[in-house]
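Working notes for the structure below.
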Amino acid sequence: MALMIVASAEGEGPLRKGLSSFAFFRLNDIQDAGASTVMAKIEKDANILRSTSETHPGLQEQIDMQLENLHSKESPDIEIASIPMLFSPTDMDILIQGIKYTRTMAQTEPMKSAYVGDELQPGSLYASDEELREYIKDTLATSWHSLGTCSMLPKEKQGVVDPELKVHGAKNLRIADISIIPLQIAAHTQAIAYIVGEKGGTTIIPLFV
């Protein structure tokens, strides 16, 4: 679950309001009965998806990894990530828990003493779970960091490229972008994009030198 803290200040100009931090929190970190309920729903939904005939072996393996992270108190990875967004009611429950947890952070010292002004978003008009649900429906958007459409996996697991970035079944076609990453990562995708590009360079350039 990703939580963002946005800093704002009075005044004008593009730097007066912006993203000040971005962190990933495990549902295990939330000391609330609602979080435990959401975790149970996640596991149920994931197991149903895993057991369907349309779910290929590669996706089954990824679901197993994410379920393992769901119960781990050590792994910093995202437990469950899904596209399209809100493909099940559980996605909404996760986001509601995230907003509620962020609010508790703002009321916990030392942040509480440094907190200035009223909550801007969602704001005090959104208090109940149902109100937060409507707020999320109205404002939810992607940050365009999707990946995994051309996963580096064996062909029998529905992979698209091999460890040398070559497309399965093609003679000289390679892919060198974050679409090759099979699972969503708990970090910004820019750094991993650089790494993939570096691998592409060291793999492809020697073929033409």
Side-chain angles (χ1 to χ4, degrees), residues 1-2 22-28 38-95 97-98 136-137 140-208:
M1 174 173 54
F22 191 101
F24 287 88
F25 291 82
R26 298 180 297 268
L27 286 170
N28 268 314
V38 171
M39 289 174 65
K41 289 181 179 179
I42 290 173
E43 186 165 16
K44 179 181 178 181
D45 289 347
N47 282 322
I48 291 174
L49 176 63
R50 191 189 186 287
S51 63
T52 61
S53 58
E54 292 82 10
T55 304
H56 57 75
L59 183 55
Q60 290 177 347
E61 186 174 325
Q62 293 175 46
I63 291 173
D64 289 341
M65 293 170 63
Q66 292 183 87
L67 285 175
E68 182 179 348
N69 289 334
L70 177 66
H71 295 289
S72 172
K73 294 184 180 295
E74 304 298 328
S75 174
D77 295 334
I78 297 177
E79 294 101 338
I80 300 290
S82 60
I83 296 292
M85 294 177 290
L86 300 183
F87 85 108
S88 80
T90 306
D91 291 335
M92 178 67 78
D93 293 335
I94 293 173
L95 293 173
Q97 287 297 319
I136 292 168
K137 288 180 180 179
L140 184 66
T142 175
S143 57
W144 306 110
H145 291 173
S146 54
L147 46 77
T149 54
C150 298
S151 295
M152 181 187 289
L153 288 171
K155 187 176 181 179
E156 60 270 20
K157 293 185 177 180
Q158 303 296 306
V160 176
V161 301
D162 65 16
E164 299 303 314
L165 307 179
K166 185 178 291 185
V167 175
H168 296 306
K171 291 184 178 180
N172 199 27
L173 177 63
R174 288 177 168 84
I175 298 174
D177 57 40
I178 60 171
S179 67
I180 70 169
I181 309 300
L183 285 172
Q184 184 61 264
I185 58 175
H188 197 287
T189 53
Q190 184 174 6
I192 193 68
Y194 289 155
I195 294 172
V196 173
E198 181 74 15
K199 179 175 178 59
T202 57
T203 301
I204 298 171
I205 291 175
L207 300 176
F208 299 95

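Just so it is clear, the structure is predicted and the values come from calculations on it, not from any experiment. The analysis underlying the following values was restricted to heavy atoms, covering all of them including side chains, and did not include hydrogens, waters or symmetry mates. When a residue number appears, it is its place in the shown sequence, counting from 1.
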Closer than 3.5 angstrom, by distance alone: can the side chain of H168 be matched with the main-chain N or O of L153 as a donor-acceptor pair? yes
Using side-chain heavy atoms (C-beta onward) and a distance below 4.5 Å, is I195 in contact with K199?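 Contact flag for I195/K199 side chains = no.
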Taking side chain as C-beta onward, heavy atoms only, is M92 less than 4.5 Å from K137? yes
For the residue pair [X] and [Y], what are the closest heavy atoms and their distance?
{"X": "P163", "Y": "M152", "result": "CA-SD, 3.8 Å"}
{"X": "L207", "Y": "T203", "result": "CG-O, 3.7 Å"}
{"X": "S151", "Y": "G148", "result": "OG-O, 2.9 Å"}

Within this structure, what is the CD1-CD distance for the pair I192 and E198, rounded to the nearest 0.5 Å?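 Rounded to the nearest 0.5 Å, the CD1-CD separation comes out at 12.0 Å.
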Which of L183, V196, T189 passes side-chain contact (heavy atoms from CB on, under 4.5 Å) with L147? Answer is T189
Name every donor-acceptor pair, under 3.5 Å, that has one atom in a side chain of residues 171-179 and the other anywhere in the protein, sequence neighbours excluded.
from	atom 1	to	atom 2	distance (Å)
N172	OD1	R174	NH1	3.2
R174	NE	E164	O	3.2
D177	OD1	S179	N	2.9
D177	OD1	S179	OG	2.4

